[in-house]
Structures are given as structure tokens and as C-alpha cells.
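Notes for the one structure printed next.
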Amino acid sequence: MVLGNLGGSVVLLAATIACYRVSRGERTAGAVRGFWRLWSYSAAALFVSTIAAIVAAARGDSGMPLYEAAPTLVSLNLAMLAFRHVPLNQRSTFDWVRLVLDGAAVAVSGGVFFGYALLDEAAAGPPVAARATAAVVGVGCLLALVVFGKAAVSPQGRIDKGALTVLALTPMVGLAAVIVFLGGTPMGMMLLSVVGYPLVGLVMCGAALRQSLVDAGSVRRWERGSRRALADPLQYLAVTVVAALVITVSARDLDTRGRAVIVGAVLTAAILVARQLLTVRENTSALADIRRLALSDSLTGLPSRTAFGVALTERLQAGRSATVLMIDVDDFKLINDTLGPSAADQLLQQIGLRLHDICGPGEVAARLGGDEFAVLLAPDCTAEAERAAGRALQAVSEPVQAAEHQLMLHASIGIATAAPGESADEVLRNADIAMYAAKEGGKAGWVRYDPRMRQDMTEHARIAGELRDGIARGELRLLYQPVFDLRTERMHGAEALVRWHHPVRGPVSPAEFIPVAERSGLIVPLGAWVLREACTVLARWRAELPCGAIEAINVNVAVRQLREPDFAATVAAVLAEAGLAPGNLVLEVTESAVVDGPEVKQTLQQLHEMGVQLALDDFGTGQSSLSLLRAFPANVLKLDKSFVDGIAADADRGRHAIAAAVAQLADNLGLKAVAEGIEARDQLIRLRDMGFPYGQGFLMAKPMPADDCMALMAAESRIAAA
């Protein structure tokens, strides 16, 4: 007996050291450290119990004396106290009452079982005092099983589920040892000394080893497990045990009718319990289906946004580093509109599979919705986030097959690493901001989040709010920059330019508020106001000036306006309201707007069929300017200012050659060619010699109010008449 307990002492001393070393690990999170520190204290208390058992054997004390049982009870309480570091979800008062009732039911049934079935019946065993002490230890083991069961199914658990599963064996071993002890047989007493304490110590060592390997990254963290609390079967077992004892007592102490009543009551309770079990099973199955649907994306099979948020939250609560890649497929709407939803879904499935395949241990790929994906990198991969983003870009850019088409896709990626104290929502928002920065930077690349980006977003939101109010309060106005005939140097037309005079900050640059209007959608009401105001002013000019003084007004149109399904009808209504013909309006669109999608192409075709003139603005700056002329019904080509700057210098022959080619191309296609940004006399002469018939710039006239522009046209008309 002494040698058996000595072996238990050695193993429990090793368990104490193992648990303490885990609590001191550099990679172990704070809450996890507290958990394993208390378990080291629990192992140390059991070590004291083995020393007490050796002393009891040397003194010849039979059973489990109080000085041996007390450290064991302390050990159980320390083990249960450790689970305060394992959150059991946010609970209401009702949840806490139910948790207490769970423990009370198990404790009462255990007390009844040990008190009646063993203490009273095993008279030949150890003394009553020793058996009573052991029974208390047994009830403590039952309560420990309840706590273990609740902790093991906690979705917010910080301790590795594998380590918890191993630790759950300790109260089971203790419970088995108590039952063997209360049996009172010599063989049972020997097994308790030789096997009981050493087995508990080995279990603790195994759990500590598992946790240390998880912290070191050698073993993947076990995140999944049963969602059913161990307290549930313990409650059913408690009801069964007490029912059996009631039947036994009734059969021995009551008459026939009393026995029948007791047996009937027990059977009725059993039927109700069985009915409840069926209901619980049905509800559990339904909840499992709901949880599966909530945490899994039905199209790709990847975790959903909810599941990704849970994984990210657990990582942050554990105090470990977290880096997120936010991945958005570039121009996916165009693919969806062109090939259809079915083909688009095939593409998303293939992309999801590729992102899943490139994930390593500890990494999670998820589909957040639409064509947006996310990857949670492993804790030790934060420094290699850019390399991981490169792998994701490579995976998306490989050819994909859909609807008998082989396509080349690209993606924009935002990288965000969680700062101390940031929540999962904040990390995802930062990654989203960085992803949009990647799109604005040209797409098909990645951008790491910088705190200044959030400041830019805040400024964007502020300007958008003020611009919305400014439109409503009439703070915006139009200036008109004349377009001149370079041969006669007389005014040919005018371009309407919107300006904003803020009541507090004064003039706001269009370069500041126009991009905000486009991104926020305010460009639609703003553009509608500009169109109506410009047409109204043109109608007034044509009514008050001599015939032929001005034929058309130029108005810039954003791609967001062209996507509106009723934009062509709106233009027709504005022209009719102002009493203008479609040919009196020139709508300027950029090259990027022309290739935006089939809706834009259809709108442009409708405008062309109406007779509205279309101008291709900033010509020459896109990637496929020449090919656009085959598909776009243009009437005017406007050479971008970047080709006009320095055109008079013979050193820049490339710029000179492009400008000359544009003039010749427009002449051959029967289009009007307009040079923008003319600021010097020698530029005007060179452009005129190249064949540009029209131009605009500060050399001839700066943007001016409507009345000043009309005065200029009136003066030119008088000169022409004279």
C-alpha cells in the first residue's frame, strides 16, 4: 500500500510541475495561464493526499481518514474554481438558476445514492466515518462532472477542447475510486492505492502536454465538439437512480396498495421523462440544423460571416494575434450580368475551394457574402501577411471555367492586423477599408490598413453629409467654360462646371467633393440638378442672344448616373421642359464609364438614338481608347490635358505624335476634336496646325458665371455683325 501511494505521489508531483509550466508559457494567453495555475494547485493538493495516505497506511488507519479526504476536497474545489477562466456564455438570471438546479439535482441524487445504497448496505466495509468522508468526495466528483460538462460545450471556451476532454477523466476516475473504496474489498482497496492516484496524475500530465503543444502550434487546436452538456445525462441518471431506490424502499416497507401507488408514480414520472427526452432530441436536431445553416455558406461550403466572426472573436479573446485578409473579386458584377447568375455561382464555388486549399493550420477561409471572401491567418503568420495575400491573388487569378467559358479573374485584398483592444467588427471594418483602397489604387493588388485610412473615411462621410445638405440648401452653382473655334478664335460652345461654396469653409474644390458624390451616390441628384440648370441657362441664352451664337451646352455625366435605368427618359424630360432639341446637349463621359457594363452601354445607345451628342472625355488616358470608338457612338473626342501640356516643346515627340494622331483619327471618322487645357499661345498654334478645330483652356477663358458668359457671346455677336 505504501509503495502504491508512493507511485501516486511521484506522478502527481510531475502533474503539478507540468500544469505549472503550461501556466508560465510565453505563448499562453492570460486567461489560459490562470486556468492551468489553479490546476497545478489542484495537483499539489492531491499530492498532499497521497502523502496523507502513506501516513495512514504506516499508522494502520483503515479507510479514508479526514486528513486524507480534506486535501482531496480542496483539490476538487480548486479544479472547479479554475473554470472561472472558461466563460460559460453570457447568462441571464434564469440561466444561472438553472445551472444551480443542475448541480443541486446531481448532488442530491448522489447523496441519496451514497447514503442509502452504499453507506447503509455495505456494513462489512470500512468504518462509517471513513465511508461518509468518501461519499462526500464522491458527491464532489459528481459536481465536478457538471462543471466540466458545461465548460466543454462553451462556444467561447479559451481552453483547448482536447485538453478539457482529457481533464474530464479526472472526476470520473475519482468517482470510480470512491465506489471501489466503499465496496470495502481488499482488491478494491489495493486498486485504489496502486491505480487511482497515479491515473489521475497521468491524466493531468496528458492534458497539460496537449495544451502546451497547442500553444506551440505543433498540434492544431480542437475547436469542434459536442454541443450537449454533460450535466444533461447526469440529471437523467440521477432521476433513474432515485426512482430505483424509491421502488426498492416501497417494495420493502409498504403494503401492496402503497407499493402500487409508488410504482405507478415512478412509472408516470418515467413516461414524462421519456417524453421530455424525445422533445429535447427533436429540438436539439432542429437547433443543430439552424446552427449549421447559420455557420456555413450554402454555395461554397465555407464558413459564413457569422462563423468567421466567432473564430476571430475567440482568437482576440484568447489574446493571440489576428490578421485578416478581405478579398473581393474585381468587376464581378460585369461577369454576373454577362454570363448570368448560374455561371457566376460556379466561379464563386471555384474561388472558395481555392482559398480553402491555400489555408494552412490555424487558418480559416470564409465567404462573407456576394463575391467577398475573408481569410483569418494563423497567429504566427502576421509578419507574412503580404506573402499570404500574394498567394490569395495567385489563387484567384488562375483561369476558371464557367458556362463553357475560361475566364481570368483578379481580386483586390485588404490586410488588417488587430490592434490591442480592437473587436472583431473593427478588424473586419479595417480590412474592408483597406480592400476598397486597393480597388481605388487600380485593383488586382493588396493594401495594408493604415489608421489614416479610417480618418479619410470619416472625412468622406462628413463631406457627404454636408454635400447632401448643400444640395438641399442651394449652395451649389454652375460656372461655364467656353469652347472656342481655334481657327476663328470665337466662342463655339460652353461646358458646365459645378462649384460648391460652403457657408463655413468657403469654396470646396471639385476634386474634393466630386469623388465623394460618386462613391456615396449623391452624384445622381447632383447630376440631375446640373443637367436641369445647364439646359435652363442654355434655353435663356438662345432666347436672348442672336441666332447661332451658341448651339449646345456640354454637361459631364458620371457612370453612376448612366447606370440608372430611367436616365435617358430623364434627359428627354429635361430637354422638353427647357424647350431644347436633343442636339443642343452634349454629354461628356469618360472611357471607364463606357466599359462599365451592359446597362451603361444600353443607356448610351438610347441617348444616341434620341439625337443627344456624346463626347468621349479625357481621350487617350484609357487602356483601350481606339477599340472604344468601334462600340461607342461618339460625336466628339476631347484630347486629355496631359497631351496638351508641353506639346509645343519639340523634345516630347511621343506626346506630339499622339495628339496629331487623335486629330487625324477624328477627322477621318467625322468626329469633332476638342483639345483641353490650353494655357499658352504656342500650344494653341501647334494644336491648330495639327488639325484640332476646337479647344478650351485658361488661355481663351476661365470658367465664369452664366451672365458673364452670355455677355462674352453678345460681344462676339456684335463684333461679327459689324
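Just so it is clear, the structure is predicted and the values come from calculations on it, not from any experiment.
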With rounding to the nearest 0.5 Å, note down the distance linking [atom1] in [X] to [atom2] in [Y].
X: Y449; Y: M326; atom1: OH; atom2: CE; answer: 12.5 Å
X: Q605; Y: L614; atom1: CD; atom2: CG; answer: 9.0 Å
X: D682; Y: L687; atom1: CG; atom2: CG; answer: 9.5 Å
X: D345; Y: L339; atom1: CG; atom2: CG; answer: 11.5 Å
X: E716; Y: I550; atom1: CD; atom2: CD1; answer: 10.5 Å
X: F513; Y: E518; atom1: CZ; atom2: CD; answer: 10.5 Å

Would you name the heavy atoms of [X] and [Y] that are closest together and state the gap between them?
X: V586; Y: A552; answer: CG2-CB, 4.0 Å
X: L522; Y: I471; answer: O-CD1, 4.4 Å
X: Q613; Y: N635; answer: CA-OD1, 3.3 Å
X: L575; Y: A581; answer: CD2-O, 4.1 Å
X: Y694; Y: D485; answer: CD2-CA, 3.9 Å
X: A578; Y: T536; answer: CB-N, 4.4 Å

Return yes when atom [atom1] of [X] has more than 12 non-hydrogen atoms of other residues, nucleotides or ligands closer than 6.0 Å, and no otherwise.
X: R387; atom1: CZ; answer: no
X: R462; atom1: CZ; answer: yes
X: Q664; atom1: CD; answer: no

* List the steps, then state whether side-chain contact (heavy atoms from CB on, under 4.5 Å) holds for Y480 with L497. => CA-CA 6 Å; Y480 300 86; L497 301 173; over 6 Å; no
When you measure from the side chain of [X] to the backbone N and O of [Y], does any donor-acceptor pair fall under 3.5 Å?
X: R367; Y: G370; value: yes
X: E466; Y: I463; value: no
X: R354; Y: E398; value: yes
X: N336; Y: F332; value: no
X: R499; Y: R477; value: no

I'd like to check [X] versus [Y] (side-chain heavy atoms, cut-off strictly below 4.5 Å). Are they in contact?
X: L671; Y: V636; value: no
X: I415; Y: M435; value: no
X: V324; Y: L377; value: no
X: L545; Y: M710; value: yes
X: L587; Y: L585; value: yes
X: E588; Y: L616; value: no
X: I553; Y: W541; value: yes
X: V375; Y: C359; value: yes

Consider only side-chain N and O atoms of [X] and [Y], and report whether a donor and an acceptor are under 3.5 Å apart.
X: S423; Y: D425; result: no
X: S412; Y: D328; result: no
X: R448; Y: T417; result: yes
X: E475; Y: H502; result: no
X: T300; Y: D297; result: yes

* Asked: Hey, mind stepping through R305 and E372 against salt bridge (charged side-chain N to carboxylate O under 4.0 Å, His left out) and telling me if it holds?
  -> CA-CA 10 Å; R305 176 183 286 272; E372 194 171 72; 3.4 Å; yes
* To do: Answer with yes or no after comparing the ring centroid distance for F484 and H492 against a 6.0 Å cut-off, counting only values under it.
  =>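 Not close enough - the centres of the two rings lie 6.0 Å or further apart.
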* Going through the distances and angles, do I678 and F698 end up as a side-chain contact (heavy atoms from CB on, under 4.5 Å)? -> CA-CA 6 Å; I678 302 175; F698 284 5; over 6 Å; no
* Asked: Can you list the steps and then say if L299 with L348 is a side-chain contact (heavy atoms from CB on, under 4.5 Å)?
  -> CA-CA 8 Å; L299 178 63; L348 293 176; 3.9 Å; yes
* Asked: Centre of Y436's six-membered ring, under 6.0 Å away, within 45 degrees of the axis: is that where NZ or CZ of K439 sits?
  ->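 So K439 doesn't make the cation-pi contact.
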May I ask you to decide whether [X] forms a salt bridge with [Y], counting only side-chain N to carboxylate O separations under 4.0 Å?
X: K638; Y: E495; result: yes
X: K333; Y: D371; result: no
X: K641; Y: E679; result: yes
X: E512; Y: R505; result: yes
X: E489; Y: R688; result: yes

* Full working for side-chain contact (heavy atoms from CB on, under 4.5 Å) between K443 and D331 -> CA-CA 9 Å; K443 304 180 181 180; D331 303 318; 2.7 Å; yes
